[in-house]
Amino acid sequence: MCTRLRARRTGLTVKAIRFYSDRGIVAPTDRSPAGYRLHNIDAVARLDFVRTLRELGLDLPTIRKVVDRELSLPRVAAAHAEALAVQIGALRLRCAVLTAVAERGSTPEEAELMHRLAQLSEDERRRLIGDFLNAVFGGLDAAPAFTGVMRSMTPELPESPEAEQVQAWAELAEMSLDPDFRAPVRRLAEDQAAEQARSDTVSPRRDIAAAVRDQAGPALTAGIDPASPQADPIVAAFTAHCAHLLGRPDGVELRRRLATRLESVNDPRRERYLQLLAVVNGWPAPEILAPVFDWSVRALHVRTPQ
């Protein structure tokens, strides 16, 4: 079969077939009287195979060893697939960072930081989050009781993350490095540790925010004005409940303390962290509690002498 016919049969150019022939990858089986290279049907099948391997991205030295049976095709394919998976992962990271930069209108400095955070290895990510959690919970007397809390605040980026997970991780990591975010989260942990120290149990008491949510949430849903008389029994119920949790008498001091706690918990950055954490870990989106806390804080303020 002459070169031009082979080119039509294999989809390769005449130049490519001559190139492979000169490299000894697909040697001609004969020559015509005019000196043209000739290949039999086996050589044509070999050319088809070479073209397939090239389209899959294998380099010529490797292809030659495969067609000459010096290398096992399954082993070469496995190694190449692994390398491609790494490249695909890197491309996903780049795409996610570029998308986030475009959507957030990031500055060059923010884009550089996001790119660096997105490329961290698993060990580097663990160290970064470990440093954040240690800054928040480290050195507290009740630290052992916070083991579950710390675990629930730990992001675990999967091996093959989606673009939105990479974006969420980069933003979450950026937040965890911010001293202005760490400080209020630390204060909340210190308050909880102080409460835990007054407790005779080894596990954290029920979260104050959760208790208020359960009491005030239905009132908000029902459209009750927090300053109205209809809210009086609701406020009395959740302050009494919180007084029991804190081991303190219900009164002005406790209500002021409770309002301050809820204002701290209601930090939009804390809620954003939990939202990002859910995206990274593939968890259901967390309940948005800001309206409940706003309602509760206002209800406390209008009933507490300043």
Side-chain angles (χ1 to χ4, degrees), residues 10-13 15-16 19-20 23 25 47-67 70-133 151-178 181 269 272-286:
T10 62
L12 294 167
T13 65
K15 183 178 179 180
F19 176 78
Y20 293 145
R23 291 296 182 93
I25 295 175
L47 282 168
D48 282 334
F49 183 46
V50 169
R51 183 192 63 184
T52 298
L53 295 181
R54 285 296 286 165
E55 290 176 350
L56 289 172
L58 270 68
D59 60 88
L60 289 176
T62 300
I63 290 175
R64 180 170 185 170
K65 291 180 180 180
V66 169
V67 296
E70 295 177 20
L71 289 176
S72 162
L73 177 58
R75 292 182 62 183
V76 170
H80 197 62
E82 183 176 349
L84 283 175
V86 173
Q87 293 178 31
I88 290 170
L91 288 173
R92 279 182 172 175
L93 289 176
R94 293 178 191 172
C95 181
V97 170
L98 289 172
T99 300
V101 168
E103 291 178 350
R104 296 171 58 182
S106 301
T107 65
E109 293 77 15
E110 290 171 339
E112 182 179 356
L113 176 60
M114 191 180 305
H115 178 57
R116 180 172 63 82
L117 292 174
Q119 290 190 316
L120 294 179
S121 68
E122 182 178 355
D123 286 342
E124 289 170 330
R125 292 196 299 269
R126 288 186 180 279
R127 284 197 294 271
L128 185 151
I129 295 300
D131 179 68
F132 165 67
L133 294 176
R151 189 181 303 115
S152 71
M153 293 180 66
T154 301
E156 296 284 351
L157 195 66
E159 289 186 7
S160 300
E162 299 295 332
E164 65 174 2
Q165 290 178 301
V166 176
Q167 292 178 43
W169 155 254
E171 185 179 345
L172 184 150
E174 191 174 357
M175 289 181 64
S176 71
L177 293 170
D178 185 356
F181 174 66
R269 294 171 299 178
R272 180 60 178 165
Y273 183 96
L274 297 178
Q275 292 171 344
L276 294 169
L277 181 66
V279 174
V280 173
N281 289 354
W283 295 343

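Only this structure's heavy atoms are used, side chains among them; waters, hydrogens and symmetry mates stay out.
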Q: Could you pull out all residues at least two apart from D178 that satisfy salt bridge (charged side-chain N to carboxylate O under 4.0 Å, His left out)?
A: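 Salt bridge (charged side-chain N to carboxylate O under 4.0 Å, His left out) check on D178 returns nothing, list empty.
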Q.
R269: which residues meet the salt bridge (charged side-chain N to carboxylate O under 4.0 Å, His left out) condition with it, sequence neighbours left out?
A.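 For R269 the salt bridge (charged side-chain N to carboxylate O under 4.0 Å, His left out) partners, ignoring immediate neighbours, are D267.
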Minimum heavy-atom separation for [X] to [Y], with atom names?
X: A173; Y: L117; answer: CB-CD1, 3.9 Å
X: P161; Y: P158; answer: CD-O, 3.3 Å
X: L172; Y: P155; answer: CD2-CG, 3.7 Å
X: A278; Y: A285; answer: CB-CA, 4.4 Å

So how far is it from [X] [atom1] to [Y] [atom2], rounded to the nearest 0.5 Å?
X: I88; Y: C95; atom1: CD1; atom2: SG; result: 13.0 Å
X: E174; Y: L128; atom1: CD; atom2: CG; result: 11.0 Å
X: M153; Y: L277; atom1: CE; atom2: CG; result: 8.0 Å

Among residues at least two apart in sequence or on other chains, which ones pass side-chain contact (heavy atoms from CB on, under 4.5 Å) with [X]?
X: L56; value: T52, L58
X: E103; value: T99, Q167
X: E156; value: R126, T154, N281
X: R127; value: D123, E124

Only counting residues at least two apart or in another chain, list the ones meeting side-chain hydrogen bond (donor to acceptor under 3.5 Å, both in side chains) with [X].
X: Q165; answer: none
X: T62; answer: D59
X: R272; answer: E171
X: Q119; answer: H115

**Q.** Sub-4.5 Å side-chain heavy-atom contact between M175 and L276
**A.**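 A side-chain contact exists here, since the closest heavy-atom pair is under 4.5 Å.
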Q: Any chance you could lay out the side chain to side chain contact (heavy atoms under 4.5 Å, CB included) test for W169 and I129, step after step, and finish with the verdict?
A: CA-CA 11 Å; W169 155 254; I129 295 300; 3.8 Å; yes
Q: Would you sort out whether F49 and V66 count as a side chain to side chain contact (heavy atoms under 4.5 Å, CB included), showing the intermediate values?
A: CA-CA 10 Å; F49 183 46; V66 169; 3.9 Å; yes
Q: Could you please spell out the steps behind the side chain to side chain contact (heavy atoms under 4.5 Å, CB included) verdict for F132 and L177?
A: CA-CA 7 Å; F132 165 67; L177 293 170; over 6 Å; no
